[in-house]
Number of protein chains: 2
Amino acid sequence: MANPMYRQIAEDLREQIESGALKPGQQLWTELELRERYGASRTTVRDAIRWLTTLGLVETKPGQGTFVAQKIHPYVTTLTTSDPTGAGEQVAMYGEVDSYDYDAEGHERVPFNTEPQVEIRKAYGDVAAFLRLTEGSQVISRHQKRYIDATPWSLQTSFYPRGFAAQGADRLSDAGDIADGTIRYLFETLGLRQVGYRDWITVRAPDGTEAMFFNLPQDGRVGVFQVYRTAFDQTGTPMRLTMTVLPTDRNEFIVNVGEVPEISP
Amino acid sequence: MANPMYRQIAEDLREQIESGALKPGQQLWTELELRERYGASRTTVRDAIRWLTTLGLVETKPGQGTFVAQKIHPYVTTLTTSDPTGAGEQVAMYGEVDSYDYDAEGHERVPFNTEPQVEIRKAYGDVAAFLRLTEGSQVISRHQKRYIDATPWSLQTSFYPRGFAAQGADRLSDAGDIADGTIRYLFETLGLRQVGYRDWITVRAPDGTEAMFFNLPQDGRVGVFQVYRTAFDQTGTPMRLTMTVLPTDRNEFIVNVGEVPEISP
DNA sequence: GGGTATTTGTCCGTATGTATT
DNA sequence: AAATACATACGGACAAATACC
């Protein structure tokens, strides 16, 4: 059995999809039709469809059928800025929609952030390590959900040492937006100046909550980026950790180093 | 049927894995054992195992059994450098093994690159667009495979406009390494000075060749990073495009902006 | 709203092939 | 060569989701 039958069926369907004979969004044959078409059992045609599903080429909808997967117009985030001090943080930190970013119909894409959800928590593992705090230290966490054109785009949580609030930056632990951005706020209240940041990018399977929010399949076949951004103050001490989770199927990143020209539309 | 039986079985096994009761590399129960354990049919326990497989928690080996997945010690690539001119390119371009990068036993990890495989090709699609060439222009492609400690780590292809060879940089189209790095070579022969670069990072499913090389499952459940690095010369013109493909299960990226302290081991 | 047809999801049983020990 | 374990393939039955009348 050089090539199993379900793989041959999958290959045949794949070619039709990639050649364009079957267009995105279009309904595929039903399992019954495929069974007759290829003279195979239902198990076998279902294995073929599952193969294509894991590859991300088709998706199945109970009660409706199997459809050729739609390509999602990706959202591009630039991780580098010309202004590492974050003075323009409000728009720079995953907030920017570049002027050339339009959807298929030419509408500008509009982002929307929920109000920050604030908690006092204890820092363990990665959070403690990145902020250089001892395990179990208290931190302020500010969590936001982000949408673009009403589709869920990212989950973001920022962590600050608990002491910041006691030292004068008390609005950190209040719910609600800090209008001019937290970086400016920390400079005005504590004299902390952000001089740079480090991003650490990984990919992993989404957990249940993330899969639910992003509308991803519960099995892990669509991964998520996990970006930890550690911001440093003028003494080289971590002043903030931001963890952002974004689905890999709708996000891309840009990194600019040195002198680079603008991106042409 | 609030939760299907195969999901309940999967959850039960998952908890045992994540709690540490089942350790990485350890063999799980066989299908027959699981069938008796949970009083389910073979199909159902296989569905449970398939669920865990897609999540990346276990892997199956025909004739042997099912095993808890090993975590791969990730290799970290820093995308930003303090030297955008690429003078130290030889080690900076995905070539660097940082001094703190050791494996579990404390051995330094040693990278190995194959000799470049050189071809003259026509540029289409992304390659043409990034290099700002018209579709069908000729380009020199230099392809390398990269290993770290004998495990396949990345596939890398660099593209240069064909004209570079004719204008004096003729060794570009020769097979074999260019000892001091291509960036320095292009400066010495054509006076092209690299002033910066832009990385564009995406994630997608591997194709058949990539899955084979990286030893990834043929279905797309483990994705690959695809990093396009466009290098620009002093006139803002693209002088090189490097496409690197790396499995997401063993690679991470770092981006430094502004003043950031060294990473502590 | 209810009922029916359609389609995928879950689950069972069985048999045979293939890889490994 | 034999035993073991996963992979492929067939068959059937009922459940759940959706669309349509």
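Only heavy atoms go into these numbers, but all of them, side chains included; no hydrogens, no water, no symmetry mates. Not measured: the values here are computed from a predicted model.
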Base C:dG9 paired with A:Arg42 side chain (donor-acceptor, <3.5 Å):
yes
Without decimals, in angstroms, what is the distance between B:Glu59 CD and D:dA5 C1'?
15 Å
Output the single nucleotide from D:dA7, D:dC10, C:dC11 whose closest atom is nearest the side chain of B:Thr60.
D:dA7
Aromatic ring pairing A:Trp51/A:Tyr6, orientation class (parallel under 30°, perpendicular over 60°, tilted between):
perpendicular
To check you understand the geometry: which heavy-atom pair defines the closest contact between A:Leu246 and A:Phe214, and what is its length?
CA-CZ, 4.4 Å
Evaluate the salt bridge (charged side-chain N to carboxylate O under 4.0 Å, His left out) criterion for residues B:Arg204 and B:Glu210: first the C-alpha distance (whole Å), next the side-chain angles of each, then the deciding distance (0.1 Å), finally the verdict.
CA-CA 11 Å; B:Arg204 57 167 174 80; B:Glu210 292 159 350; 2.9 Å; yes
Closest non-hydrogen atom pair, A:Val127 against A:Leu241:
CA-CD2, 3.7 Å
Paired to D:dC20 by Watson-Crick or G-U wobble criteria (both distances under 3.5 Å) is C:dG3
Would you kindly give the OH-to-P distance between B:Tyr38 and C:dT10, to the nearest whole Å?
18 Å
Could you check how far CZ of A:Arg50 sits from P of D:dA7, rounded to whole Å?
12 Å
Over 60° means perpendicular and under 30° means parallel, so tell me whether A:Phe225 and B:Phe225 are parallel, tilted or perpendicular.
tilted
Distance check needed: D:dA5 P versus B:Leu34 CG, whole Å only.
11 Å
So, is B:Thr44 near the phosphate of C:dT10, with a side-chain N or O under 4.0 Å from OP1 or OP2?
no
Between D:dA7, D:dA9, C:dG13, spot the one nearest the side chain of B:Thr43, thanks.
C:dG13
Does a donor on one side chain and an acceptor on the other come within less than 3.5 Å for B:Thr242 and B:Ser158?
yes
Just the atom pairs and distances: protein N or O near nucleotides 5-7 of chain C's N or O, under 3.5 Å.
residue	atom	partner	partner atom	Å
C:dT7	O2	A:Gly63	N	3.3

Rounding to an integer number of Å, can you tell me how far B:Arg7 CZ sits from C:dT10 C1'?
12 Å
Rounded to whole Å, how long is the line connecting atom CD of A:Gln8 with atom C1' of D:dT8?
12 Å
When you measure from the side chain of B:Arg46, which nucleotide among D:dA7, D:dA9, C:dC12 comes out closest?
D:dA7
Length of the CG-C1' vector between B:Asp47 and D:dC6, whole Å:
14 Å
Criterion salt bridge (charged side-chain N to carboxylate O under 4.0 Å, His left out) on B:Glu18 and B:Arg14, from CA distance to verdict
CA-CA 6 Å; B:Glu18 291 181 347; B:Arg14 177 193 200 139; 3.4 Å; yes
